[in-house]
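Notes follow once the structure below has been shown.
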Amino acid sequence: MMQRVNPELKQELLKYGVKDWNECFHCGNCTAICPLTENGSLFPRKAIREAQMGIKYSLESNVDPWMCYYCGDCSKTCPRDANPGELMMSLRRYLTSAYDWTGLSKLFYKSKAFEILAIIGIALVVMVLYLLFTFYPSGDASQWIGADGGALINKMAPWKRIHLGDWLLAGVLAFILITNIFNMWYKIILRDKNLKVGLWDYFKAFMLLPVHFITQRRFAKCDDSRSYWYIHLFLMLSYIVLFTMIVFFLEFFQTDTVHPIWHPQRSLGYIATIGLFVGIIYFYFNRRKKNRENSKFSHYTDWTFLVLLFLTTLTGILLHFFRISGMPQLTYITYLVHLMVLVPMLTIEVPFSKWSHLAYRPFAIYFSKIKIAARAKQNKIS
Amino acid sequence: MEEKKSTVIYFCDTLNGKTDVINIPEVKAYAEKLNGVAKVWLPADVSLNDPVQLSGKIKEKIYKKVIIAGNTPGMVKSVFSKAMVLDGNKPEDVFLASFYENGIYRNSDIERAKAVLSCAVYGINFENAANPEELPVNNDTLVIGGGIAGIQASLEIAASKNKVFLVEKTGTIGGHMAMFDKTFPTLDCAACILTPKMVEVGQHPHIKLMTYCEVQDVKGVPGNYTVKILKKARRMNLSTCIGCGICAEKCPVKTPSQFDSGTTLRKAAYIPFPQAVPNKYMIDESVCTYVANGKCGICVKVCPVPGCINLDEKDEMVEITVGNIIVATGFKAFDAGKIENFGYGKYPEVLTSLELERLINASGPTGGKIAKRTQDKKGNWVFNQEDAYTPKSVAVIHCIGSRDENYRKYCSKVCCMYSLKLAHLLKEKLPNSEIYEYYIDMRAFGKGYEEFYNRIAHEGVNIIRGRTAKVEKSGNDLIVRSEDIEGQKIIEQKTDMVVLAVGLEPGEDAAKIAAMLGINVDADGWFNELNYVSDPVNTFTGGVAIAGVCQGPKDIPDSVAQASAAASRVLQSIAKGKIKNSLKSITLKEIEDRSVELSKIMEVK
């Protein structure tokens, strides 16, 4: 198929964190050293080629950047110091914005100011809504404090109302993310007219989605010590635990009585919090020390995610601490701050930015498998 | 004469991003003071994308003359020429001050950079302004290094009946070429070309051959150098040794042979190889037990010539005076063990190209039979004739240590061609085996080389574009993993033997020799020539010429050509009876004064 070269693509990609790929002389070392590449899905060199030549169409339908988990072997052994691993990382940012039909992702990735303004804006909206709904209908704050002087959160922010807010937000974000996945599907498979994929093909590979979502098996292959994978997995599972408890079982999670420490509400919460904290600190020091290939270069959006996640965790811990130590005023203020960090983080990161990889990674593996299988079948027929 | 300030200097971009380069602010400050210089531009000051815009800038200030300074100023000349024409100026009024071309690589050359710049400002050729005085010349010549370049240069000079001292570090001349089996692209036998020349050197009445010697110190001026040479103790008398070899036969100490690239063992009393010149035995003092602790001495007892072996001989210092010096110190092969991914030193089936060169050579350790490398009792990995086998496939991996930012950045130039040659030789020995070549770019750069490449490709060698990333062992097989770029797939090739085409590096003594003789070295350690394009033989030290690989990677024909060129420079001075003093004997002030003087003469004309 004839494709048009887009000479402006380079300038575009530089904003997503691409370093100077002109160093590359296409020796193929990166592809050969990669522990994950396989026939039918050759990377990173192919993507470098597409980026160098400015073939936007190919680049946008290239699923390979998602198949890379950035172990950094390619960058370490690259004879030209062309940082192929970092190019793949930058292309993931680029693809995230390419899949996003709203165009907001592009703005977040290209403009630091826009991202910060968006965070502040969403936080203010959260504040207004919070004040509006907690003081409605009575507006009497005196009944939020119990007889023993402890906090009565469910009086101030009844879990039913918070659930309503949770589900509304989740609905909106899920809608955007799912439509983005459709866009990804279109770009990777549907618009390739030569690719014939039957319904059965989709069905056959379907199990890849939950398996890779939960285990990130490919990621484990990337590192001999697997420490990076363990910590990421612990972080992710911790988040899932907290997410499930808060979004589906808030009645159980947000109580006014203080349970004993072995109660699942508290013990599960503590373990998950440790998981989050360990992960955040580990990733923070990696990015600070730049001692791993994949933490050598940090785009500002990488930091935004880390900082927001850190603040969310921190305010969550404080919130819990104030509640169990019977400090109602501080509890309520921290509750507000917690929401003011959490909601912007979810809104920006999940459908538009770094966190969208939770969906794009497994779907990429799924689409890639389907594509390779379809190509193999076609080759056999022809 | 106060000229109107109408000259603009532009420092081009190519200096950026490199370490240890000319200090541009200092040169800029110097340039601003030069006569007639109105403005100095740095790359950030002007955009070179559009000649029209540039011409506007030039016209605005009525600049009449542009000087482009930098490593490769010619790269941006065209845009300035266009801009000058657009302004109604003459395109000839764009002058270049090329640092690189004049051998200016590092900040230590900053005075010369200024001199080149000042000559450009006055519109004078650097060669004309920097014209050193002439000195009388001693007709004797010193050649350092007895490889093919040193041999060629010595023979050329000696042919004119002028005396040559040929100093060689090891016990024999011949260098790396003596180790090779065939030469590319003609597939001539290397020894058949080299050994007659070696013998000629050994017998030539005008060549004083000094093997197992090292140059220690050089003093004096061009045309009259006093050279101190350390004559290392051979512990055998060169004139009485009859080369019978009984000493080596009886000697109890074994050590890896350098000549065979360590793939076989020789004795402590040894001759480097059977065709060595001089064809005399010597004692390796680093392993001889008598030298170490005074015990043994068997060789003295068995030697049929009384008094020939003197194990107590000491090193001595010799002093000679010469007029010219030719440096031809060659290279050392890249140490493949530095790169872990290829398994060199870990798997015995992984060889370097030099080791294969010896293995495949009919005069090599196995008589030219392909053998498995085995470990002997003392732990040395050696080739034995009994271990001959037929590998089903052999993979040759190009660019080991070359073109790699982590090791050597440059292309070693010869590896592609010698790898093809090795593929041919392997195919000749193993007609039913598969030979694979993994390359980044195929650099068939010379006359007949592309044809050679085509020939090898048609012989059925699998030539695959893609740099090998790693060699791993699985069972008895080696697995070579590469991307096949043309076939768009990943290859995990099972193979029995892997050959690493190692690149060339400056020799271990290169830095010492450069410091001793005052030769500049470039960032990679190769010796710098006087002018990259027009004088690749002379150096900034008068009376010191360079030849062969020590100046930069090159193949045998180029080394020979450069050696002849170096010899012609020497003979030029001998024929004339005069030699020019070193360029660095002239100060910046003298060059400035002379260029002012010359520019006045030009104006009068």
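Per chain, numbering begins at 1; letters A, B, ... match sequence-line order. A quick note: this is a predicted structure, and the numbers were derived from the prediction, not measured. Excluded from the calculations below are hydrogen atoms, water molecules and symmetry mates; all remaining heavy atoms, backbone and side chain alike, are included.
Atom NZ of A:K369 has 12 or fewer neighbouring heavy atoms from other residues, nucleotides or ligands inside a 6.0 Å radius. Counted within 6.0 Å of CZ on A:R292, heavy atoms from surrounding residues, nucleotides or ligands total more than 12; the atom is thus considered enclosed. Applying the 6.0 Å contact sphere to NZ of A:K112 captures no more than 12 heavy atoms from other residues, nucleotides or ligands. Other residues, nucleotides and ligands contribute at most 12 non-hydrogen atoms within 6.0 Å of the CG atom of B:N476. For B:F445, the CZ atom counts as densely surrounded, since its 6.0 Å shell holds more than 12 non-hydrogen atoms of other residues, nucleotides or ligands. More than 12 heavy atoms of other shown residues, nucleotides or ligands fall within 6.0 angstrom of atom CD in A:Q378. More than 12 heavy atoms of other shown residues, nucleotides or ligands fall within 6.0 angstrom of atom NZ in B:K338. The number of heavy atoms from other shown groups lying within 6.0 Å of NZ (A:K110) is above 12.
Distance check, rounded to the nearest 0.5 Å: CD of B:Q488 to CG of A:L42 gives 7.0 Å. Here the CZ atom belonging to A:F25 is positioned 4.0 Å from the CD1 atom belonging to B:I440, to the nearest 0.5 angstrom. To the nearest 0.5 angstrom, B:I485 atom CD1 is 6.5 Å from A:C27 atom SG.
Ranked by non-hydrogen atom pairs under 4.5 Å with chain A, the options B:K470, B:R465, B:R467, B:K409 are led by B:R467. Between chain A and the options B:D484, B:N406, B:T468, the largest number of non-hydrogen pairs under 4.5 Å is found for B:N406. In terms of heavy-atom pairs under 4.5 angstrom with chain B, the leader among A:K46, A:R45, A:H26, A:K76 is A:R45.
In this structure a side-chain-to-backbone donor-acceptor pair under 3.5 Å is present from B:R481 to A:A32. At distances below 3.5 Å, not a single donor-acceptor pair connects side-chain atoms of A:R80 with backbone N or O atoms of B:R403.
Checking A:N29, A:D73, A:T77 one by one against B:N341, the side chain to side chain contact (heavy atoms under 4.5 Å, CB included) holds for a single residue, A:T77.
By the side-chain hydrogen bond (donor to acceptor under 3.5 Å, both in side chains) test, A:S61 is found to be paired with no residue, residues two or more places apart in sequence or in another chain being considered.
Of the two parts of A:C34, only the backbone, made up of N, CA, C and O, holds a non-hydrogen atom closer than 4.5 Å to a non-hydrogen atom of chain B.
Nearest heavy-atom pair across A:I33 and B:A469 is N-CB, 3.4 Å.
Side-chain atoms of A:C78 and B:E405, non-hydrogen and from C-beta on, never get closer than 4.5 Å to each other. Side-chain contact check for A:E38 versus B:I490: every heavy-atom pair is 4.5 Å or farther apart.
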